[in-house]
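Report on the structure given below.
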2 protein chains.
Amino acid sequence: MVLHARGVAVDAQTAETRVLAAAYELFYERGVQAVGMDEIRATSGVSLKRLYKLFPAKERLVESYLRQRDERLRESMTRYVEAHESPERRLLAVFDWLHEWFSEPDFRGCAFINMFGELGSTSPVVIDATRAHKEAVRQYLTELVAAADQPAWLTDQLALLVEGAITTAAIFGTAEPARQARAAAARLLTTTRND
Amino acid sequence: MVLHARGVAVDAQTAETRVLAAAYELFYERGVQAVGMDEIRATSGVSLKRLYKLFPAKERLVESYLRQRDERLRESMTRYVEAHESPERRLLAVFDWLHEWFSEPDFRGCAFINMFGELGSTSPVVIDATRAHKEAVRQYLTELVAAADQPAWLTDQLALLVEGAITTAAIFGTAEPARQARAAAARLLTTTRND
DNA sequence: CCGAGCGGAGAACGAACGTTCTCCAACGCG
DNA sequence: CGCGTTGGAGAACGTTCGTTCTCCGCTCGG
(Lines give C-alpha, C1' and ligand atoms only; values in the text may rest on other atoms or scores of the structure.)
Protein backbone atom coordinates (compact mmCIF):
# COMPACT_ATOMS: atom_id res chain seq x y z
CA MET A 1 0.00 0.00 0.00
CA VAL A 2 2.67 2.47 1.02
CA LEU A 3 4.89 1.30 -1.79
CA HIS A 4 2.00 1.64 -4.15
CA ALA A 5 1.21 5.11 -2.88
CA ARG A 6 4.80 6.18 -3.27
CA GLY A 7 4.89 4.84 -6.78
CA VAL A 8 1.88 6.98 -7.56
CA ALA A 9 3.45 9.99 -5.92
CA VAL A 10 6.61 9.75 -7.98
CA ASP A 11 4.61 9.37 -11.16
CA ALA A 12 2.49 12.33 -10.15
CA GLN A 13 5.61 14.40 -9.69
CA THR A 14 7.03 13.58 -13.08
CA ALA A 15 3.58 14.02 -14.58
CA GLU A 16 3.36 17.47 -13.03
CA THR A 17 6.78 18.30 -14.38
CA ARG A 18 5.79 17.25 -17.86
CA VAL A 19 2.52 19.17 -17.72
CA LEU A 20 4.27 22.31 -16.54
CA ALA A 21 6.89 21.91 -19.24
CA ALA A 22 4.17 21.70 -21.86
CA ALA A 23 2.37 24.72 -20.43
CA TYR A 24 5.65 26.61 -20.21
CA GLU A 25 6.19 26.34 -23.93
CA LEU A 26 2.67 26.31 -25.32
CA PHE A 27 1.20 29.11 -23.24
CA TYR A 28 4.20 31.31 -23.92
CA GLU A 29 4.24 30.60 -27.62
CA ARG A 30 0.57 30.98 -28.39
CA GLY A 31 -1.22 32.38 -25.35
CA VAL A 32 -3.55 30.73 -22.89
CA GLN A 33 -6.81 30.86 -24.79
CA ALA A 34 -5.27 29.48 -27.97
CA VAL A 35 -4.01 26.35 -26.21
CA GLY A 36 -6.60 23.82 -25.16
CA MET A 37 -6.25 21.39 -22.32
CA ASP A 38 -6.25 18.62 -24.89
CA GLU A 39 -3.13 20.03 -26.45
CA ILE A 40 -1.49 20.17 -23.03
CA ARG A 41 -2.42 16.52 -22.68
CA ALA A 42 -1.03 15.62 -26.11
CA THR A 43 2.25 17.49 -25.57
CA SER A 44 2.85 16.33 -22.03
CA GLY A 45 1.68 12.78 -22.57
CA VAL A 46 -0.31 13.01 -19.35
CA SER A 47 -3.91 11.83 -19.57
CA LEU A 48 -6.74 14.29 -19.02
CA LYS A 49 -7.72 12.48 -15.85
CA ARG A 50 -4.30 12.88 -14.28
CA LEU A 51 -4.05 16.40 -15.60
CA TYR A 52 -7.25 17.42 -13.86
CA LYS A 53 -6.20 15.66 -10.70
CA LEU A 54 -3.01 17.71 -10.64
CA PHE A 55 -4.66 20.96 -11.74
CA PRO A 56 -8.41 20.93 -11.05
CA ALA A 57 -8.96 23.79 -13.48
CA LYS A 58 -7.10 25.49 -16.27
CA GLU A 59 -6.66 28.58 -14.16
CA ARG A 60 -4.68 26.56 -11.62
CA LEU A 61 -2.35 25.51 -14.40
CA VAL A 62 -2.01 29.11 -15.50
CA GLU A 63 -1.07 30.07 -11.95
CA SER A 64 1.64 27.45 -11.79
CA TYR A 65 2.82 28.43 -15.24
CA LEU A 66 3.22 32.06 -14.18
CA ARG A 67 4.94 31.08 -10.95
CA GLN A 68 7.45 29.03 -12.91
CA ARG A 69 8.03 31.84 -15.40
CA ASP A 70 8.69 34.25 -12.55
CA GLU A 71 11.10 31.92 -10.81
CA ARG A 72 13.11 30.96 -13.85
CA LEU A 73 13.32 34.47 -15.20
CA ARG A 74 14.55 36.01 -11.99
CA GLU A 75 16.94 33.20 -11.31
CA SER A 76 18.40 33.52 -14.78
CA MET A 77 18.77 37.26 -14.38
CA THR A 78 20.37 37.21 -10.96
CA ARG A 79 22.74 34.43 -11.98
CA TYR A 80 23.87 36.47 -14.96
CA VAL A 81 24.15 39.75 -13.07
CA GLU A 82 26.01 38.35 -10.11
CA ALA A 83 28.74 36.97 -12.32
CA HIS A 84 29.98 40.57 -12.29
CA GLU A 85 31.59 42.22 -9.30
CA SER A 86 31.39 45.98 -9.65
CA PRO A 87 28.01 47.41 -8.62
CA GLU A 88 27.88 49.70 -11.66
CA ARG A 89 28.79 46.81 -13.91
CA ARG A 90 26.02 44.76 -12.35
CA LEU A 91 23.45 47.40 -13.17
CA LEU A 92 24.49 47.39 -16.80
CA ALA A 93 24.66 43.61 -16.83
CA VAL A 94 20.89 43.60 -16.45
CA PHE A 95 20.68 44.95 -19.97
CA ASP A 96 23.25 42.51 -21.29
CA TRP A 97 21.12 39.77 -19.86
CA LEU A 98 18.11 41.25 -21.63
CA HIS A 99 20.05 41.07 -24.89
CA GLU A 100 20.72 37.39 -24.38
CA TRP A 101 17.09 36.77 -23.56
CA PHE A 102 15.82 38.68 -26.59
CA SER A 103 18.18 36.67 -28.78
CA GLU A 104 16.66 33.35 -27.87
CA PRO A 105 14.92 32.00 -30.97
CA ASP A 106 11.55 31.57 -29.31
CA PHE A 107 11.55 34.90 -27.49
CA ARG A 108 8.07 36.37 -27.62
CA GLY A 109 8.14 39.11 -25.01
CA CYS A 110 7.27 39.01 -21.34
CA ALA A 111 4.87 36.22 -20.51
CA PHE A 112 3.21 38.40 -17.90
CA ILE A 113 2.64 41.37 -20.15
CA ASN A 114 1.29 39.10 -22.84
CA MET A 115 -1.10 37.41 -20.48
CA PHE A 116 -2.04 40.74 -18.97
CA GLY A 117 -3.16 41.85 -22.42
CA GLU A 118 -4.99 38.61 -22.95
CA LEU A 119 -6.71 38.12 -19.61
CA GLY A 120 -5.81 41.08 -17.43
CA SER A 121 -9.25 42.58 -17.62
CA THR A 122 -11.06 39.49 -16.38
CA SER A 123 -8.65 37.50 -14.22
CA PRO A 124 -7.48 38.75 -10.84
CA VAL A 125 -5.04 35.86 -10.74
CA VAL A 126 -3.21 37.21 -13.77
CA ILE A 127 -3.28 40.77 -12.51
CA ASP A 128 -1.86 39.82 -9.14
CA ALA A 129 0.80 37.54 -10.59
CA THR A 130 1.87 40.22 -13.05
CA ARG A 131 2.15 42.90 -10.42
CA ALA A 132 4.00 40.59 -8.07
CA HIS A 133 6.45 39.66 -10.79
CA LYS A 134 7.15 43.23 -11.84
CA GLU A 135 7.41 44.22 -8.21
CA ALA A 136 9.96 41.51 -7.57
CA VAL A 137 12.09 42.56 -10.52
CA ARG A 138 11.89 46.16 -9.40
CA GLN A 139 12.90 45.10 -5.91
CA TYR A 140 16.00 43.48 -7.31
CA LEU A 141 16.78 46.62 -9.30
CA THR A 142 16.38 48.63 -6.12
CA GLU A 143 19.06 46.54 -4.43
CA LEU A 144 21.42 46.92 -7.38
CA VAL A 145 20.87 50.67 -7.47
CA ALA A 146 21.50 50.96 -3.75
CA ALA A 147 24.64 48.85 -4.00
CA ALA A 148 25.92 51.18 -6.70
CA ASP A 149 25.32 54.19 -4.46
CA GLN A 150 22.85 55.64 -6.89
CA PRO A 151 19.78 57.65 -5.90
CA ALA A 152 16.70 55.56 -5.32
CA TRP A 153 14.71 57.21 -8.07
CA LEU A 154 17.10 55.80 -10.64
CA THR A 155 15.33 52.51 -10.05
CA ASP A 156 12.13 53.85 -11.57
CA GLN A 157 13.87 55.05 -14.67
CA LEU A 158 15.82 51.85 -15.17
CA ALA A 159 12.67 49.82 -14.68
CA LEU A 160 10.96 51.78 -17.43
CA LEU A 161 13.89 51.12 -19.75
CA VAL A 162 13.75 47.41 -18.99
CA GLU A 163 10.02 47.28 -19.56
CA GLY A 164 10.19 49.28 -22.77
CA ALA A 165 13.02 47.18 -24.11
CA ILE A 166 11.15 43.94 -23.52
CA THR A 167 8.00 45.17 -25.24
CA THR A 168 9.81 46.74 -28.18
CA ALA A 169 11.97 43.69 -28.71
CA ALA A 170 8.88 41.50 -28.75
CA ILE A 171 7.01 43.62 -31.25
CA PHE A 172 9.85 44.09 -33.71
CA GLY A 173 11.53 40.75 -33.17
CA THR A 174 14.99 42.19 -32.60
CA ALA A 175 17.38 42.29 -29.66
CA GLU A 176 18.51 45.84 -30.42
CA PRO A 177 16.33 47.47 -27.76
CA ALA A 178 18.55 45.86 -25.12
CA ARG A 179 21.55 47.76 -26.49
CA GLN A 180 19.63 51.00 -26.67
CA ALA A 181 18.30 50.61 -23.15
CA ARG A 182 21.79 49.84 -21.93
CA ALA A 183 23.13 52.98 -23.55
CA ALA A 184 20.38 55.04 -21.95
CA ALA A 185 21.05 53.43 -18.58
CA ALA A 186 24.75 54.15 -18.88
CA ARG A 187 24.00 57.81 -19.57
CA LEU A 188 21.67 58.03 -16.61
CA LEU A 189 24.36 56.43 -14.46
CA THR A 190 27.28 58.58 -15.48
CA THR A 191 25.34 61.81 -15.12
CA THR A 192 23.99 61.11 -11.68
CA ARG A 193 26.76 63.13 -10.05
CA ASN A 194 25.43 66.28 -11.63
CA ASP A 195 22.56 66.43 -9.17
CA MET B 1 -35.00 54.17 -55.82
CA VAL B 2 -32.10 56.53 -55.72
CA LEU B 3 -33.52 58.18 -52.68
CA HIS B 4 -33.97 54.81 -51.10
CA ALA B 5 -30.39 53.80 -51.95
CA ARG B 6 -29.06 57.02 -50.49
CA GLY B 7 -31.11 56.56 -47.41
CA VAL B 8 -29.54 53.16 -46.98
CA ALA B 9 -26.07 54.55 -47.56
CA VAL B 10 -26.49 57.19 -44.89
CA ASP B 11 -27.83 54.64 -42.45
CA ALA B 12 -24.92 52.39 -43.27
CA GLN B 13 -22.51 55.18 -42.43
CA THR B 14 -24.03 55.91 -39.06
CA ALA B 15 -24.31 52.18 -38.44
CA GLU B 16 -20.60 51.80 -39.14
CA THR B 17 -19.87 54.67 -36.78
CA ARG B 18 -21.88 53.07 -34.04
CA VAL B 19 -20.30 49.68 -34.55
CA LEU B 20 -16.82 51.16 -34.47
CA ALA B 21 -17.69 53.12 -31.35
CA ALA B 22 -18.82 49.93 -29.64
CA ALA B 23 -15.69 48.07 -30.74
CA TYR B 24 -13.54 50.98 -29.65
CA GLU B 25 -14.74 50.68 -26.10
CA LEU B 26 -15.46 47.00 -25.71
CA PHE B 27 -12.33 45.63 -27.37
CA TYR B 28 -10.15 48.01 -25.43
CA GLU B 29 -11.81 47.33 -22.14
CA ARG B 30 -11.98 43.56 -22.28
CA GLY B 31 -9.96 42.33 -25.25
CA VAL B 32 -11.10 40.91 -28.56
CA GLN B 33 -11.76 37.32 -27.59
CA ALA B 34 -13.78 38.28 -24.55
CA VAL B 35 -16.22 40.36 -26.59
CA GLY B 36 -18.59 38.49 -28.86
CA MET B 37 -20.15 39.84 -32.01
CA ASP B 38 -23.47 39.68 -30.24
CA GLU B 39 -22.28 42.13 -27.64
CA ILE B 40 -21.09 44.46 -30.38
CA ARG B 41 -24.58 44.19 -31.79
CA ALA B 42 -26.25 44.88 -28.45
CA THR B 43 -24.03 47.87 -27.66
CA SER B 44 -24.13 49.44 -31.11
CA GLY B 45 -27.79 48.71 -31.72
CA VAL B 46 -26.90 47.51 -35.21
CA SER B 47 -28.41 44.19 -36.21
CA LEU B 48 -26.17 41.22 -36.88
CA LYS B 49 -27.16 41.26 -40.53
CA ARG B 50 -26.04 44.85 -41.02
CA LEU B 51 -23.00 44.27 -38.89
CA TYR B 52 -21.84 41.43 -41.10
CA LYS B 53 -22.60 43.42 -44.23
CA LEU B 54 -20.32 46.19 -42.96
CA PHE B 55 -17.63 43.86 -41.59
CA PRO B 56 -17.82 40.41 -43.21
CA ALA B 57 -15.76 38.90 -40.41
CA LYS B 58 -14.70 39.80 -36.90
CA GLU B 59 -11.14 40.23 -38.05
CA ARG B 60 -12.23 43.04 -40.39
CA LEU B 61 -13.76 44.80 -37.44
CA VAL B 62 -10.57 44.33 -35.48
CA GLU B 63 -8.62 45.89 -38.32
CA SER B 64 -10.84 48.95 -38.38
CA TYR B 65 -10.72 49.14 -34.62
CA LEU B 66 -6.94 49.22 -34.64
CA ARG B 67 -6.85 51.76 -37.45
CA GLN B 68 -9.10 54.03 -35.44
CA ARG B 69 -7.03 53.60 -32.29
CA ASP B 70 -3.90 54.51 -34.21
CA GLU B 71 -5.44 57.62 -35.76
CA ARG B 72 -7.00 58.97 -32.60
CA LEU B 73 -3.99 58.33 -30.43
CA ARG B 74 -1.54 60.01 -32.75
CA GLU B 75 -3.84 62.89 -33.41
CA SER B 76 -4.34 63.44 -29.69
CA MET B 77 -0.61 63.30 -29.10
CA THR B 78 0.41 65.66 -31.87
CA ARG B 79 -2.32 68.11 -30.96
CA TYR B 80 -1.07 68.20 -27.38
CA VAL B 81 2.61 68.39 -28.28
CA GLU B 82 2.24 71.10 -30.90
CA ALA B 83 0.56 73.40 -28.43
CA HIS B 84 4.12 74.05 -27.28
CA GLU B 85 6.64 76.05 -29.23
CA SER B 86 10.14 75.21 -28.08
CA PRO B 87 11.52 71.97 -29.60
CA GLU B 88 12.86 70.80 -26.26
CA ARG B 89 9.56 71.58 -24.60
CA ARG B 90 7.76 69.59 -27.28
CA LEU B 91 9.87 66.54 -26.56
CA LEU B 92 8.98 66.70 -22.90
CA ALA B 93 5.35 67.41 -23.73
CA VAL B 94 5.12 63.88 -25.08
CA PHE B 95 5.46 62.66 -21.53
CA ASP B 96 2.98 65.19 -20.19
CA TRP B 97 0.54 63.91 -22.75
CA LEU B 98 1.23 60.37 -21.52
CA HIS B 99 0.36 61.50 -18.03
CA GLU B 100 -2.98 62.83 -19.19
CA TRP B 101 -3.67 59.63 -21.06
CA PHE B 102 -2.75 57.42 -18.10
CA SER B 103 -5.07 59.48 -15.91
CA GLU B 104 -8.14 58.74 -17.96
CA PRO B 105 -10.42 56.55 -15.85
CA ASP B 106 -10.69 53.78 -18.39
CA PHE B 107 -7.00 53.68 -19.29
CA ARG B 108 -5.95 50.11 -19.76
CA GLY B 109 -2.60 50.33 -21.54
CA CYS B 110 -1.78 50.37 -25.21
CA ALA B 111 -4.46 48.69 -27.28
CA PHE B 112 -1.82 47.37 -29.65
CA ILE B 113 0.36 45.84 -26.99
CA ASN B 114 -2.66 44.28 -25.36
CA MET B 115 -3.85 42.78 -28.61
CA PHE B 116 -0.34 41.73 -29.46
CA GLY B 117 -0.29 39.67 -26.30
CA GLU B 118 -3.69 38.29 -27.04
CA LEU B 119 -3.44 37.47 -30.74
CA GLY B 120 0.05 38.40 -31.87
CA SER B 121 1.14 34.84 -32.25
CA THR B 122 -1.66 33.84 -34.59
CA SER B 123 -2.80 36.95 -36.44
CA PRO B 124 -0.57 38.67 -39.01
CA VAL B 125 -3.10 41.49 -39.13
CA VAL B 126 -2.44 42.33 -35.50
CA ILE B 127 1.30 42.02 -35.86
CA ASP B 128 1.42 44.32 -38.86
CA ALA B 129 -0.92 46.88 -37.34
CA THR B 130 1.08 46.94 -34.11
CA ARG B 131 4.41 47.40 -35.86
CA ALA B 132 2.96 50.08 -38.12
CA HIS B 133 1.56 51.94 -35.14
CA LYS B 134 4.77 51.83 -33.15
CA GLU B 135 6.73 52.76 -36.23
CA ALA B 136 4.51 55.80 -36.79
CA VAL B 137 4.91 56.97 -33.22
CA ARG B 138 8.66 56.51 -33.47
CA GLN B 139 8.68 58.46 -36.72
CA TYR B 140 7.03 61.35 -34.96
CA LEU B 141 9.55 61.15 -32.16
CA THR B 142 12.30 61.20 -34.75
CA GLU B 143 10.99 64.48 -36.10
CA LEU B 144 10.77 66.00 -32.65
CA VAL B 145 14.31 64.89 -31.82
CA ALA B 146 15.65 66.32 -35.07
CA ALA B 147 13.82 69.61 -34.50
CA ALA B 148 15.44 69.84 -31.08
CA ASP B 149 18.89 69.33 -32.61
CA GLN B 150 19.40 66.18 -30.63
CA PRO B 151 21.31 63.16 -31.91
CA ALA B 152 19.20 60.63 -33.77
CA TRP B 153 19.86 57.83 -31.33
CA LEU B 154 18.04 59.74 -28.63
CA THR B 155 14.87 58.70 -30.43
CA ASP B 156 15.48 55.06 -29.55
CA GLN B 157 15.95 55.83 -25.89
CA LEU B 158 12.90 58.07 -25.66
CA ALA B 159 10.82 55.46 -27.46
CA LEU B 160 11.83 52.88 -24.86
CA LEU B 161 10.83 55.24 -22.06
CA VAL B 162 7.46 55.85 -23.69
CA GLU B 163 6.87 52.15 -24.18
CA GLY B 164 7.94 51.26 -20.67
CA ALA B 165 5.81 53.99 -19.16
CA ILE B 166 2.69 52.82 -20.98
CA THR B 167 3.14 49.22 -19.91
CA THR B 168 4.03 50.02 -16.33
CA ALA B 169 1.14 52.43 -15.96
CA ALA B 170 -1.25 49.81 -17.28
CA ILE B 171 -0.02 47.10 -14.93
CA PHE B 172 0.01 49.19 -11.77
CA GLY B 173 -2.89 51.42 -12.62
CA THR B 174 -1.08 54.64 -11.88
CA ALA B 175 0.01 57.62 -13.96
CA GLU B 176 3.31 57.98 -12.11
CA PRO B 177 5.42 56.26 -14.80
CA ALA B 178 4.76 59.25 -17.05
CA ARG B 179 6.48 61.52 -14.53
CA GLN B 180 9.38 59.13 -14.10
CA ALA B 181 9.82 58.74 -17.83
CA ARG B 182 9.70 62.49 -18.25
CA ALA B 183 12.40 62.92 -15.63
CA ALA B 184 14.58 60.35 -17.37
CA ALA B 185 13.98 62.02 -20.73
CA ALA B 186 14.92 65.39 -19.28
CA ARG B 187 18.18 63.96 -17.97
CA LEU B 188 18.99 62.38 -21.31
CA LEU B 189 18.26 65.69 -22.99
CA THR B 190 20.31 67.95 -20.75
CA THR B 191 23.34 65.71 -20.83
CA THR B 192 23.46 65.32 -24.59
CA ARG B 193 26.02 68.09 -24.88
CA ASN B 194 28.53 66.00 -22.97
CA ASP B 195 29.11 63.80 -26.02
C1' DC C 1 -54.57 48.11 -51.89
C1' DC C 2 -50.48 44.83 -53.65
C1' DG C 3 -46.35 42.67 -54.25
C1' DA C 4 -41.39 42.91 -53.88
C1' DG C 5 -37.45 43.59 -51.55
C1' DC C 6 -34.81 45.52 -47.60
C1' DG C 7 -33.88 45.13 -42.85
C1' DG C 8 -34.57 43.55 -37.95
C1' DA C 9 -35.04 39.95 -34.29
C1' DG C 10 -33.41 36.12 -33.03
C1' DA C 11 -33.19 31.05 -33.92
C1' DA C 12 -30.06 27.82 -35.87
C1' DC C 13 -25.71 25.67 -37.04
C1' DG C 14 -21.15 24.04 -36.55
C1' DA C 15 -16.91 24.26 -34.33
C1' DA C 16 -13.98 24.68 -30.30
C1' DC C 17 -13.17 23.89 -25.69
C1' DG C 18 -13.29 23.09 -20.50
C1' DT C 19 -14.69 19.50 -17.83
C1' DT C 20 -16.67 14.99 -16.67
C1' DC C 21 -17.90 10.29 -17.52
C1' DT C 22 -17.60 5.51 -19.38
C1' DC C 23 -15.33 1.59 -20.38
C1' DC C 24 -11.54 -1.26 -19.93
C1' DA C 25 -6.81 -3.02 -18.94
C1' DA C 26 -3.30 -3.66 -15.40
C1' DC C 27 -1.91 -4.75 -10.96
C1' DG C 28 -1.43 -5.62 -5.94
C1' DC C 29 -3.58 -8.13 -2.25
C1' DG C 30 -6.34 -11.82 0.08
C1' DC D 1 -7.51 -16.96 -8.78
C1' DG D 2 -11.15 -13.11 -7.92
C1' DC D 3 -11.47 -8.26 -6.43
C1' DG D 4 -11.05 -3.65 -5.85
C1' DT D 5 -8.46 0.26 -7.01
C1' DT D 6 -5.85 3.06 -10.31
C1' DG D 7 -5.10 5.09 -14.53
C1' DG D 8 -5.53 5.56 -19.69
C1' DA D 9 -8.12 6.47 -24.03
C1' DG D 10 -11.37 8.89 -25.65
C1' DA D 11 -16.45 9.71 -25.92
C1' DA D 12 -19.78 12.77 -24.04
C1' DC D 13 -21.77 17.05 -22.17
C1' DG D 14 -22.73 21.79 -21.83
C1' DT D 15 -21.44 26.20 -23.06
C1' DT D 16 -19.71 29.87 -25.88
C1' DC D 17 -19.20 32.02 -30.11
C1' DG D 18 -18.63 33.24 -35.11
C1' DT D 19 -21.51 33.08 -38.80
C1' DT D 20 -25.74 32.13 -41.45
C1' DC D 21 -30.62 31.43 -42.04
C1' DT D 22 -35.66 32.02 -41.31
C1' DC D 23 -39.47 34.52 -40.67
C1' DC D 24 -41.89 38.63 -40.51
C1' DG D 25 -43.04 43.58 -40.85
C1' DC D 26 -42.22 47.73 -43.27
C1' DT D 27 -41.94 50.73 -47.10
C1' DC D 28 -42.65 52.17 -51.67
C1' DG D 29 -43.81 52.13 -56.57
C1' DG D 30 -48.03 50.92 -59.31
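Letters go in sequence order (proteins before strands), and every chain restarts at 1. Keep in mind that the numbers below use all heavy atoms, side chains included, and drop hydrogens, waters and symmetry copies.
Listed nucleotides: dT19(C), dG8(D), dT19(D). Nearest to the side chain of Y52(A): dT19(C). For L48(B), whose side chain is taken as the heavy atoms from C-beta onward, the closest listed nucleotide among dG10(C), dG18(D), dT19(C) is dG10(C). Of all nucleotides listed (dA9(D), dT19(D), dG8(C)), dG8(C) comes nearest to the side chain of R50(B). Ranking dG8(D), dT19(C), dT20(D) by closeness to the M37(A) side chain, first place goes to dT19(C).
As rounded to whole Å, 15 Å separates atom P of dT20(C) from atom CG of D38(A). Summarising the geometry, the separation between NZ on K53(A) and C1' on dT20(C) is reported as 14 Å, rounded to the nearest angstrom. One interatomic measurement links the two molecules: CG of L61(A) to C1' of dT19(C), which rounds to 14 Å at whole-angstrom precision. In this structure, L51(A) places its CG atom 15 Å from P of dC17(C), rounding to the nearest Å. For Q33(B) and dC17(D), the CD to C1' distance is 11 Å, given to the nearest whole Å. The interatomic distance linking L54(B) (CG) with dT19(D) (P) rounds to 14 Å, in whole Å. Between the CZ atom of F27(B) and the P atom of dC17(D) there is a distance of 12 Å, rounded to whole Å. Rounded to whole Å, atom P of dC17(D) lies 13 Å from atom CZ of R41(B).
Enclosure of atom CZ in R179(B) is not indicated, since only 12 or fewer non-hydrogen atoms of other residues, nucleotides or ligands lie within 6.0 angstrom. Within a 6.0 Å sphere centred on CZ of R108(B), other residues, nucleotides and ligands contribute more than 12 heavy atoms. Sparse packing is recorded around CD of E25(A), with 12 or fewer heavy atoms of other residues, nucleotides or ligands lying under 6.0 Å away.
The aromatic rings of F102(A) and F107(A) sit tilted, their planes meeting at an angle between 30° and 60°. In this structure, Y80(A) and H84(A) have tilted ring planes: the angle between them lies in the 30° to 60° band.
No engagement by V32(B) is indicated, since no non-hydrogen atom pair under 4.0 Å with the nucleic acid exists. Nucleic acid contact for V46(A): none, since no nucleic acid atom lies under 4.0 Å from a heavy atom of the residue.
Of the possible donor and acceptor atoms, one in the side chain of K58(B) sits under 3.5 Å from a partner among the backbone N and O of V32(B).
Looking at heavy atoms from C-beta onward, L48(A) lies in side-chain contact with L51(A) at the 4.5 angstrom threshold.
An end-to-end axis angle of 30° holds for the helix from dC1(C)-dG30(D) to dG30(C)-dC1(D), taken from five base pairs per end and rounded to 10°.
Across the interface with DNA chain D, nearest-nucleotide mapping of K49(B) and E59(B) shows E59(B) to be the residue nearer the 5′ end.
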